[in-house]
There are 2 protein chains.
Amino acid sequence: MKEQPLLNYIKNYISLTEEEEEILLSKISYKKYLKGQYLVQQGDVCKHEYFILSGCTKTFYMDNEGQEHIILFAIEDWWTSDMGSFIAQKPADYNVQCIENTELIQISYEANEELYIQIPKLERFFRKIVERALVASQKRIVRNFSMSAKERYLIFRKNYPKIEQRIPQYMVASYLGITKEFLSKIKSQLILEQ
Amino acid sequence: MKEQPLLNYIKNYISLTEEEEEILLSKISYKKYLKGQYLVQQGDVCKHEYFILSGCTKTFYMDNEGQEHIILFAIEDWWTSDMGSFIAQKPADYNVQCIENTELIQISYEANEELYIQIPKLERFFRKIVERALVASQKRIVRNFSMSAKERYLIFRKNYPKIEQRIPQYMVASYLGITKEFLSKIKSQLILEQ
DNA sequence: AATAAATGTTAAACTAGTTTAACATCATTT
DNA sequence: AAATGATGTTAAACTAGTTTAACATTTATT
């Protein structure tokens, strides 16, 4: 029963009857992606939202100079997608790419709409998920404005210890909004300070 | 019928029966605040969410050096609050202050919870509102990373022409994440370029 | 084991944005 | 009309973070 983790996760927010669980399981699909594969590509319409079972993805924006800006990482038990594209079914602004082999559950736009009708309680579930994501996103804006790169790096390390060990440093730098060279400098400073 | 703008706004997302409209109106309250008054203060639990009828508010974080960092402005037909504090009923990270005399509708945490039970359709409404807010918040993160202060200022001017004329420049600077002196420099550069 | 590809480091020259400080303008109160 | 406080400007000195470029280390491939 590979979908179990999703049901467990949902149970933290709402309770589902057995019948509702069945409906839910009938509407989702389990998939495996390889490291490097894209779940969403900038310009395409994002057709699914994804719940990660194992592995890791990055969501990034590629600017006109060809520079990657990482908006978020997602690991086990996280949701990912290009929400702007998914909710409006318009071309995506961002890419979502697997940076490890990744197992996930995907829900299509149509299945998601049907689920909201058949299990209205899911509106509440997704509302809460999105509320939390918004709070985190606003916190990040404030941190970027009020803290130095070094402070942001220390917070990242504290908040996401599991992620840092799994991804290359240049991606951490991109997530922090600095160059890899500068992150390297910060790290050597931190070692000297100890 | 001062609550009408809220009903009209909600009708863009979901349809309500007359009975539901009455329940809704019975749970909300209409208020007037003066320029300078606070709707939420950092450290207090945020007890309401606010729908602005007229006027303008700013939501800001005050850092340890006493510097203000503006997270968002809200004008007519916008929602505002400290969402992290409101949803968890925990002390607020941010302040929300009126920068003009402001008329608004406020919904208390308890009323909001009761409304979700009595009118489950509102889950859908608020889910959609929060989804949009999250998309906007993520876009702002990307802009802060991938664009210069001048570019961000031009976009702000384009996106919020109505707001720029109503607020002092030093608040625009704070919203853009730069000093007022640097915004002044950008503006004089833009005049020379014309 | 050797090679190539990807990732990480160091340092010098540079630049976008900050800090400080003095002054200018505008709005509000007396 | 003068005075006060709030907002905006200018410029010089500074700094956090970037750019460029050369080299080092790790990981994956043959």
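Note that the coordinates shown come from a computational prediction; the quantities given were computed from them, not determined experimentally. The figures here come from the full heavy-atom set of this structure, side chains too, leaving out hydrogens, waters and symmetry mates. Sequence lines set the chain letters: A, B, ... in the order given, protein chains first and strands last, and positions in each chain run from 1.
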Would you indicate, yes or no, if C/dT9 has its OP1 or OP2 atom less than 4.0 angstrom from a side-chain nitrogen or oxygen of A/Gln169?
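Yes, within the criterion.
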Given atom [atom1] of [X] and atom [atom2] of [N], what is their separation to the nearest angstrom?
X: A/Leu192; N: C/dT9; atom1: CG; atom2: P; answer: 13 Å
X: A/Leu34; N: D/dA28; atom1: CG; atom2: C1'; answer: 16 Å
X: B/Leu183; N: C/dA16; atom1: CG; atom2: P; answer: 17 Å
X: B/Lys187; N: D/dT9; atom1: NZ; atom2: C1'; answer: 11 Å
X: B/Leu176; N: D/dG8; atom1: CG; atom2: P; answer: 13 Å
X: A/Phe145; N: D/dA16; atom1: CZ; atom2: P; answer: 19 Å

Tell me which nucleotide among D/dT9, D/dG8, C/dG8 gets nearest to the side chain of A/Tyr170.
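My answer, after comparing the listed nucleotides, is C/dG8.
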Quantify the bending of the helix from C/dA1-D/dT30 to C/dT30-D/dA1 as the angle between its end axes, each fitted on five pairs, to 10°.
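About 40° separates the two local helix axes.
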Can you tell which of A/Tyr61, A/Phe156, A/Phe60 makes a ring pair (Phe, Tyr, Trp, His ring centres under 6.0 Å) with A/Tyr175?
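Option passing the ring pair (Phe, Tyr, Trp, His ring centres under 6.0 Å) with A/Tyr175: A/Phe156.
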Can the ring centres of A/Tyr38 and A/Tyr33 be said to be less than 6.0 Å apart?
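They do not qualify: ring centres at least 6.0 Å apart.
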Does any part of the side chain of [Y], heavy atoms only, come nearer than 4.5 Å to the side chain of [X], both counted from C-beta?
X: B/Glu49; Y: B/Phe126; result: yes
X: B/Lys185; Y: B/Gln189; result: yes
X: A/Ile70; Y: A/Thr59; result: no

Roughly how far, to the nearest 0.5 Å, is the CD1 atom of A/Ile178 from the CG atom of A/Leu183?
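Here the rounded value is 4.5 Å.
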How many angstroms lie between OG in B/Ser137 and CZ in A/Arg140, if you round to the nearest 0.5 Å?
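That separation rounds to 9.5 Å.
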What one-letter contact string describes nucleotides 17-30 of chain C from 5' to 3', where B marks a base within less than 4.0 Å of any protein heavy atom, S marks contact via sugar-phosphate atoms alone, and - marks no contact?
BBBBB---------
Write out all pairs satisfying side-chain hydrogen bond (donor to acceptor under 3.5 Å, both in side chains) with one or both partners inside residues 159-168 of chain A, taking only residues at least two apart or from two chains.
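Residue pairs passing side-chain hydrogen bond (donor to acceptor under 3.5 Å, both in side chains), neighbours aside: A/Glu76-A/Arg166, A/Glu100-A/Arg166, A/Tyr153-A/Glu164.
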Between A/Lys11 and A/Glu21, is the salt bridge (charged side-chain N to carboxylate O under 4.0 Å, His left out) condition met? List the steps.
CA-CA 10 Å; A/Lys11 278 174 194 160; A/Glu21 287 188 3; 3.4 Å; yes
